[in-house]
Amino acid sequence: MDPNDSAQTTGEATGTVVGRRKAARYIVPVAVAGVAAATIGLVPALANSGDPDLPKISAQELIEKIAASDEEQLSGTFKISTDLGLPLDGLAGSFVPGGKGGDKDGGAAAPQDKLMELTSGTHTLRVAADGPERQKLSILGDASEYSLIHNQGEVWAYDSTSGEVYHAEAPEGRDGGHAERTPKAPEGAPATPKDFAEQALAAAGDTTSVTVDGTAQVAGRDAYQLLIKPKQSGSTIGSVRIAVDAENGVPLKFTLSAASGGKAVVDAGFTKVDFSRPAASTFSFTPPKGAKVTEADELETGKDERGAAQKALPGQLAELDGFEGLNVIGKGWTSIAEIKTPGGKGLPAAGSDEVPAEAQGFLDALGDKVTGKFGSGTVFKTRLVNALLTDDGSVYVGAVTKDALVRAADAAAK
């Protein structure tokens with residue numbers, strides 16, 4: 001195959017794969033082959049020493065393999081670690097629903113709150129699925145367990161620490177079933193390697209390089225490694241690596257690395273996985289005697305206030321263009337969201353009555369003071385997402401470097 005013909009050839013292959021897909025899929029991302037087809041590099045996979053010796057495959061063929069996968073039964077255990085590099089331990093939980101100070105409107109067992117805790121720290125999870133009507137996700141603690149169960153139209157969540165139970169009727173699809181809106185982790189907090197892979201592939205475009213980079217063994221399974229990297233300079237994202245099961249195309253491991261190096265920002269992968277059908281009893285649940293049960297009309301779906309699915313990757317900031325008070329600068333991995341705060345006010349001035357000295361010291365420890373044509377402001381940094389808050393109340397945020405934020409603010413001030 002001529003690499004120069006990749007756009008036309010991959011587009012034809014994508015149409016064939018999508019046409020073959022079944023109506024209801026639990027494991028497979030929706031039309032991922034079509035999203036990345038325009039810029040997929042046709043780089044063969046070559047086995048590294050000690051890794052599985054698998055047949056050569058191109059990146060486009062591997063993406064088609066993910067899209068064509070029809071595995072709907074599995075059980076297993078996986079670990080997810082998230083390290084945004086915040087300066088204070090536990091700070092992430094203070095600003096994440098369900099973390100310290102989080103919103104508990106649905107009680108301690110509310111899925112929207114609890115599953116968002118996966119956005120920081122290291123967690124071990126157990127998952128089971130039997131088609132679109134039965135799934136179970138459990139977060140395992142040292143002496144506790146939180147479980148979210150969907151079983152034929154009912155959703156149960158149980159927090160063993162608090163003893164609380166959350167119950168909801170599963171939303172129905174257009175055909176009267178529950179397959180189209182199967183309850184799962186909120187889209188703003190992807191939980192499984194499949195969830196992460198779907199979002200990474202959706203962000204692929206002409207600013208992205210997608211290749212196959214060798215093979216690996218994950219949870220005892222042979223896998224190809226799909227490597228996604230920004231072509232642009234200035235992004236804080238170094239690469240995304242997805243280990244794809246060589247036999248059935250299911251993503252087994254997802255690793256997001258920062259351009260600055262060091263520990264992975266997100267590392268989510270199976271340690272055990274079995275693709276046989278789980279026992280029916282896996283999805284059975286009866287509230288323990290005396291447990292507090294919170295009823296809900298409908299499970300939270302991870303939609304934001306505009307009704308749009310929340311996104312995790314900065315390459316998708318462009319989808320927010322047109323939002324009131326928001327302008328997207330650039331495209332792809334170096335997209336920067338410019339937000340005008342109500343009233344045009346930035347951080348209160350140091351030493352003012354609005355900011356006690358101890359609070360000002362806390363803010364100074366989190367951010368770097370910067371100046372430019374826009375005036376002055378403060379850059380708040382993590383390993384992945386940085387934000388510039390100017391003194392006149394403008395906010396610039398993206399998975400880009402501090403210098404990129406300052407340049408964007410300067411350009412907007414012209």
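None of the values given here were measured: they were computed from a predicted structure. Any value given below was found using the heavy atoms of this structure, including those in side chains, with hydrogens, waters and symmetry copies removed.
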Q) Hey, does D245 have a side-chain heavy atom less than 4.5 Å from the side chain of F275? A) yes
**Q.** Residue among L384, V240, T82 satisfying side-chain contact (heavy atoms from CB on, under 4.5 Å) with V266
**A.** T82
Q | Minimum side-chain heavy-atom gap W156-E154 below 4.5 Å | A | yes
**Q.** Worked check of side-chain contact (heavy atoms from CB on, under 4.5 Å) between K136 and T282
**A.** CA-CA 8 Å; K136 181 176 181 179; T282 303; 4.2 Å; yes
Q. Using a distance-only test with no angle check, is there a side-chain donor-acceptor pair under 3.5 angstrom linking D130 and Q73?
A. yes
Q: Let me see the working for R126 and K272 under side-chain contact (heavy atoms from CB on, under 4.5 Å), right down to the final yes or no.
A: CA-CA 9 Å; R126 189 165 53 231; K272 295 180 181 178; over 6 Å; no
Q) So, do I139 and S144 sit near enough that their side-chain heavy atoms are less than 4.5 Å apart? A) no
Q. What's the spacing between S120 OG and L84 CG if we round to 0.5 Å?
A. 8.0 Å
Q. Within a strict 4.5 Å, meaning less than it, do heavy atoms of the L226 and I63 side chains meet?
A. yes
Q: Mind jotting down which residue pairs meet the side-chain hydrogen bond (donor to acceptor under 3.5 Å, both in side chains) criterion with at least one end in residues 395-413? Sequence neighbours excluded, please.
A: E338-Y396
Q: Examine distances only and state if a side-chain atom of N151 and a backbone atom of F283 form a donor-acceptor pair shorter than 3.5 Å.
A: yes
Q. Where the side chain of Q135 meets the backbone of G131, is there a donor-acceptor pair that is under 3.5 Å apart?
A. yes
Q. Which distance, rounded to the nearest 0.5 Å, do you find between the CD1 of I228 and the CG of L256?
A. 10.0 Å
Q. Among side-chain atoms of E61 and S58, is any donor-acceptor pair under 3.5 angstrom?
A. yes
Q. Looking only at heavy atoms, what is the nearest atom pair of S239 and K229, with distance?
A. CB-CG, 3.7 Å
**Q.** Heavy-atom pair with the smallest gap, counting every atom of W333 and Q232
**A.** N-OE1, 3.0 Å
Q.
We want to know whether D391 and S376 form a side-chain donor-acceptor pair, criterion being a heavy-atom distance below 3.5 angstrom.
A. yes
**Q.** Basic-acidic side-chain contact under 4.0 Å: K231, D206
**A.** no
**Q.** Shortest non-hydrogen contact between D83 and A264, atoms and distance
**A.** CB-O, 3.9 Å
Q) Which atom names give the shortest non-hydrogen contact between V155 and H150, and what distance separates them? A) CG2-CD2, 4.1 Å
Q | Mutual orientation of the aromatic rings belonging to Y158 and F285 [parallel < 30°, tilted 30-60°, perpendicular > 60°] | A | tilted
Q: Look only at the side chain of T236 and the backbone of A399, and say whether a donor-acceptor pair between them is shorter than 3.5 Å.
A: yes
Q.
Can you confirm whether V127 sits close enough to L74 that some side-chain heavy atom of one is under 4.5 Å from a side-chain heavy atom of the other?
A. yes
Q: Would you check, one step at a time, whether the test side-chain contact (heavy atoms from CB on, under 4.5 Å) holds for K331 with T207?
A: CA-CA 8 Å; K331 67 176 185 176; T207 62; 4.0 Å; yes
Q: Take F374 and L388 through the side-chain contact (heavy atoms from CB on, under 4.5 Å) test and state the conclusion after the steps.
A: CA-CA 11 Å; F374 61 89; L388 164 61; 4.2 Å; yes
Q. Would you call T122 and I80 a side-chain contact if the rule is heavy atoms closer than 4.5 Å?
A. no
Q. Just checking, is any N or O donor in the side chain of T390 or D392 under 3.5 Å from an acceptor N or O on the other one?
A. yes
Q. Looking just at side-chain N and O atoms, do T378 and K369 make a donor-acceptor pair shorter than 3.5 Å?
A. yes
Q. Can D222 and Q217 be counted as having a side-chain donor-acceptor contact under 3.5 angstrom?
A. yes
**Q.** Counterpart residues, side chain to side chain contact (heavy atoms under 4.5 Å, CB included), relative to V400 (two or more places apart)
**A.** T334, I336, A404, L405
Q. At their closest point, which heavy atom of A59 faces which heavy atom of V210, and how far apart are they?
A. CB-O, 3.6 Å
Q) So which heavy atom on A259 is nearest to which on S235, and how close? A) CB-O, 3.6 Å
Q) For the side chain of K65 and the backbone of A246, is there at least one donor-acceptor N/O pair under 3.5 Å apart? A) yes
Q: Please answer whether the main-chain N or O of E247 pairs with a side-chain N or O of R221 as donor and acceptor at a distance below 3.5 Å.
A: no
Q) So, the side chain of S138 versus the backbone of L140: is there a donor-acceptor pair under 3.5 Å, distance only? A) no
Q. Just by modelled atom types, is the I66 backbone N or O under 3.5 Å from a matching donor or acceptor in the S69 side chain?
A. no
Q | Residue pair Q225 / V212, side-chain heavy-atom distance below 4.5 Å | A | no
Q: Nearest 0.5 Å please: distance from the CG atom of D159 over to the OH atom of Y146.
A: 7.5 Å
(Q) Please check this pair: side chain of R134 against backbone of I149, looking for a donor-acceptor N/O pair closer than 3.5 Å. (A) no
Q.
Within the 4.5 Å heavy-atom criterion, are V397 and N386 side-chain neighbours or not?
A. no
Q | Check: T255/D267 side-chain N/O donor and acceptor closer than 3.5 Å | A | yes
